[in-house]
Visitor: 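One structure is given below, represented as structure tokens, and several questions about it will come after.
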Protein chains: 2
Amino acid sequence: MTVREQPAKEHRRTRQRAAVDEVLDQTEDFISAQELHALLRTRGAGVGLATVYRTLQTLADDGRVDVLRSDAGEAVYRRCVREEHHHHLVCRSCGATVEIAGPTVERWAKSIADQHGYSEVSHTLEIFGTCPRCAAS
Amino acid sequence: MTVREQPAKEHRRTRQRAAVDEVLDQTEDFISAQELHALLRTRGAGVGLATVYRTLQTLADDGRVDVLRSDAGEAVYRRCVREEHHHHLVCRSCGATVEIAGPTVERWAKSIADQHGYSEVSHTLEIFGTCPRCAAS
DNA sequence: GCCGTTTTGACAATGGTTGTCAGTCTTGAT
DNA sequence: ATCAAGACTGACAACCATTGTCAAAACGGC
């Protein structure tokens with residue numbers, strides 16, 4: 001999770017964006033642009049791949065979705081539930097995600113940066129593990 | 001930074017690996033495989049691109065270099081100074097890096113994971129900011 | 001020096017992501 | 001409702017980092 005600022009700009013409402021939005025609403029975990037595209041295709045709501053990418057990018061720029069990189073370096077997206085800055089606890093196996101608010105870490109990161117004279121600080125933090133369900137099987 | 005464990009296996013010493021090693025020794029900041037390859041080429045020590053990738057991957061597997069993803073999703077590598085798990089404070093502008101050891105965060109991450117029943121926990125954490133030098137200019 | 005293995009390198013192939021550009025749709029104004 | 005301006009879309013090409021392939025070369029132990 002990278003801290004972001006920026007207000008949000010206006011965008012036109014289109015069938016494609018609505019479709020992407022809907023999928024995001026119905027999806028608990030992180031999803032890649034490719035997966036989202038494939039999903040839309042199976043649902044019959046055909047949306048161009050390029051459009052999916054553009055839409056997700058726009059949403060990310062506006063801070064309406066979280067973006068993070070999978071271990072494979074693929075970008076994955078997810079509707080941002082909390083408005084404030086937060087982090088994720090992600091299951092390595094099934095992808096189940098828990099959003100985490102970490103005042104502790106925020107402060108820690110800030111103080112570390114201050115110590116070294118770094119300004120305009122942001123940070124990324126993700127925790128990976130095996131969730132209870134996957135651990136059981 | 002992802003937590004890693006694993007012992008290290010033996011590998012053969014070759015001219016190419018020595019060359020990659022040398023560059024890593026002389027490089028303070030993170031460098032991508034492509035950059036490293038180009039650098040070797042200009043130095044005359046030609047090493048195949050595929051070899052550079054394989055070498056870096058091996059080093060990473062053995063825990064001898066740190067790997068992280070740039071915002072662009074490109075993998076960047078750096079000789080690992082500390083042996084234990086640590087994080088980085090990276091200058092957004094010039095790439096200058098400070099290695100950070102964070103017992104605080106380690107504990108915090110562990111406890112959060114425990115709370116949600118997640119096991120085999122690892123985590124990634126990078127702090128980005130503008131370093132004093134870049135902020136001055 | 002010899003031999004089984006590992007490693008290399010040139011190149012093809014993969015795959016996610018972005019660029020292009022003509023055609024389409026949304027919006028605010030009339 | 002109608003219209004013009006320009007934002008948005010889609011099909012496809014282009015990019016580019018990374019990985020796969022496989023014959024040739026290098027390494028290390030004997």
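Residue numbers begin at 1 in each chain, while the letters A, B, ... track the order of the sequences. Computed from a predicted structure; not experimentally measured.
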Visitor: How long is the span from the OG1 atom in B:T27 to the CD atom in B:E22, to the nearest 0.5 Å?
Guide: 9.5 Å

Visitor: List in numerical order all residues of residues 38-49 of chain B for which some heavy atom is under 4.0 Å away from an atom belonging to DNA chain C.
Guide: B:G46, B:V47, B:G48

Visitor: How long is the gap from CG on A:L36 to CD1 on A:I31, to the nearest 0.5 Å?
Guide: 4.0 Å

Visitor: Mind checking whether A:Y77 and A:S32 have side chains closer than 4.5 Å, heavy atoms only?
Guide: no

Visitor: Checking B:R69 now: which residues fulfil side-chain hydrogen bond (donor to acceptor under 3.5 Å, both in side chains) with it, not counting sequence neighbours?
Guide: none

Visitor: Could you give the side-chain donor-acceptor pairs of residues 38-46 of chain A under 3.5 Å, partners two or more places apart or in another chain?
Guide:
{"unit_1": "A:T42", "atom_1": "OG1", "unit_2": "A:L39", "atom_2": "O", "d": "2.7"}
{"unit_1": "A:R43", "atom_1": "NH1", "unit_2": "A:Q26", "atom_2": "OE1", "d": "3.1"}
{"unit_1": "A:R43", "atom_1": "NH2", "unit_2": "A:Q26", "atom_2": "OE1", "d": "2.7"}

Visitor: With rounding to the nearest 0.5 Å, note down the distance linking CD1 in A:I127 to CD1 in B:I112.
Guide: 6.0 Å

Visitor: May I ask whether A:L49 and A:V23 are part of the same hydrophobic cluster, defined by side-chain heavy atoms of I, L, V, M, F, W, Y residues being less than 4.5 angstrom apart, directly or through others?
Guide: no

Visitor: What N/O pairs connect the protein and nucleotides 13-16 of chain C at under 3.5 Å? Give each pair on its own line.
Guide:
none

Visitor: Go through the structure and list residues passing side chain to side chain contact (heavy atoms under 4.5 Å, CB included) with B:Q16, not counting sequence neighbours.
Guide: B:T14, B:V47, B:T51

Visitor: Do the side chains of A:W108 and B:V98 join up, straight or via other hydrophobic residues, at under 4.5 Å, putting them in one cluster?
Guide: yes

Visitor: Counting Watson-Crick and G-U wobble pairs with both distances under 3.5 Å, what is the dot-bracket string for DNA chain C, 5' to 3', using [ ] for crossing pairs and | for pairs to another strand?
Guide: ||||||||||||||||||||||||||||||

Visitor: Please tell me if A:Q57 has a side-chain N or O lying less than 4.0 Å from either OP1 or OP2 of C:dT18.
Guide: yes

Visitor: Quick one: list whatever passes side chain to side chain contact (heavy atoms under 4.5 Å, CB included) with A:D21, sequence neighbours left out.
Guide: A:L59, A:R79

Visitor: Taking atom CZ of B:R13 as the centre, report whether more than 12 heavy atoms of other residues, nucleotides or ligands fall under 6.0 Å from it.
Guide: no

Visitor: Looking at residues at least two apart in the chain, or sitting in another chain, which of them share a side-chain hydrogen bond (donor to acceptor under 3.5 Å, both in side chains) with B:R17?
Guide: none

Visitor: What is the 5' to 3' range of DNA chain D, first to last nucleotide, that sits under 4.0 Å from any heavy atom of chain B?
Guide: D:dA17 to D:dG28

Visitor: Would you indicate what A:E35 reaches in the nucleic acid, counting non-hydrogen atoms under 4.0 angstrom: base, sugar-phosphate, or nothing?
Guide: nothing

Visitor: Which residues satisfy the side-chain hydrogen bond (donor to acceptor under 3.5 Å, both in side chains) test with B:Q115, sequence neighbours excluded?
Guide: none

Visitor: Any chance you could list the contact pattern along nucleotides 19-30 of chain C? Use B for base contacts, S for sugar-phosphate-only contacts and - for none, protein heavy atoms under 4.0 Å, 5' to 3'.
Guide: BB-----BS---

Visitor: Using every non-hydrogen atom in the two residues, find where B:Y53 and B:Q34 come nearest and quote the distance to one decimal.
Guide: OH-NE2, 2.8 Å

Visitor: According to a hydrophobic-cluster definition based on side-chain heavy atoms being under 4.5 Å apart (Ile, Leu, Val, Met, Phe, Trp, Tyr only), do B:V52 and B:V67 belong together?
Guide: yes

